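Note that ligands are numbered from 1 as they come in the structure, with each ligand's atoms numbered from 1 the same way. Everything numeric here is computed off the predicted structure, so don't read it as measured data.
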Amino acid sequence: MRKPLIVGNWKMNTTLSDAVVLTTQIRNAIEDLEADIVLCPPFVWLVPLNDLLEHAPDNLSLGAQNMWFADKGAITGEISPLMLKNLVKYVILGHSERRFHFGESNALINDKVHAALQHGITPILCISELKKIQNEKRGRGRPTFTKLRSDILQQLKMGLKGIGESDITKVIIVFEPVWAISTAPDTKGAASGVYAASVINRLKSYLEEKYGGECAADVTMLYGGSVDASNVAEFLYQPEIDGVLVGSASLKASEFIKICKIAGGPD
Ligand code: PGA
């Protein structure tokens with residue numbers, strides 16, 4: 001596994017003072033870790049947090065939770081890559097909550113991936129297993145139909161449409177089964193490490209077919225869905241999984257710092 005990547009997606013949470021306290025605590029705890037850490041606060045906190053992190057350790061960066069693809073224009077309520085490019089290193093695109101609440105299509109997400117790359121922002125492309133299986137949990141949520149997997153492949157193929165070999169290794173892919181998201185405070189709804197790795201392998205096979213083995217091996221693959229300090233090791237233990245995207249557990253400094261330490265602390 002390469003240096004682990006831990007992404008904290010704060011979603012629509014935190015006041016400005018929460019954001020400052022959380023970021024300060026994290027910044028003060030992660031300097032010596034062998035892990036890259038990305039905080040994705042709400043848009044409105046990016047400017048103050050960017051100032052706060054001016055002299056932060058190199059392994060701590062900011063990401064946005066979304067963006068529009070055009071540089072500017074009559075798109076009320078949206079944020080463009082031009083506005084973000086000097087504030088963030090990463091942008092989450094195609095999160096299942098965007099697909100579900102805002103009907104984001106694969107084509108739109110693909111436009112955003114291209115726009116992020118054009119502006120030097122690393123896209124974190126989320127590939128989500130469908131909502132409907134929520135009613136069909138088995139054990140730790142493993143779905144059975146192959147159909148679900150093919151939808152995942154469709155999201156991957158369409159999300160990466162037009163992305164060539166020179167750019168594919170700049171894209172980060174997250175596998176996030178929707179049935180495993182937001183099961184906190186009891187995070188037992190997370191997928192198992194083995195299941196997450198098996199799906200990630202399937203996604204990697206597609207990347208191998210399309211871009212060749214060497215390129216595919218260099219693409220960072222994450223798992224997201226109810227990750228916390230009690231289960232993160234199970235995901236990071238899988239050689240196919242390079243890191244995790246953490247939602248609710250990234251809002252508690254002590255929990256998130258624990259996750260980062262498990263990922264990047266001395267063995
Ligand atoms: P969660 O969110 O950790 O709260 O389940 C993860 C995600 O949004 O992918």
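Using a cutoff of 4.0 Å between basic side-chain nitrogens and carboxylate oxygens, E240 and K204 are not scored as salt-bridged. The pair R99-E104 does not meet the salt-bridge criterion, since no charged nitrogen lies less than 4.0 angstrom from a carboxylate oxygen.
Per-residue contacts place H95 under 4.0 angstrom from the following atoms of ligand 1 (heavy atoms of the residue considered): 7 (C), 8 (O), 9 (O). In summary, the atoms of ligand 1 found under 4.0 Å from a heavy atom of S226, numbered by their order in the structure, are 1 (P), 3 (O), 5 (O). Within ligand 1, counting atoms from 1 as listed, the ones closer than 4.0 Å to a heavy atom of S248 are 1 (P), 3 (O), 4 (O).
No N or O atom of V246 sits closer than 3.5 Å to an N or O atom of ligand 1. Geometrically, ligand 1 and K11 share a nitrogen or oxygen pair separated by less than 3.5 Å.
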Next on the checklist: Under the criterion side chain to side chain contact (heavy atoms under 4.5 Å, CB included), I'd like the reasoning laid out for Y90 against S61: C-alpha separation, chi angles, the key distance, then a yes or no.
Outcome noted: CA-CA 8 Å; Y90 300 84; S61 334; 4.0 Å; yes
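At least one heavy atom of G225 sits closer than 4.0 Å to an atom of ligand 1.
When all heavy atoms of I6 and A263 are compared, the pair lying nearest together is CD1-CB, 3.5 Å.
Between the side chains of D18 and T15, at least one donor-acceptor pair of N or O atoms lies under 3.5 Å.
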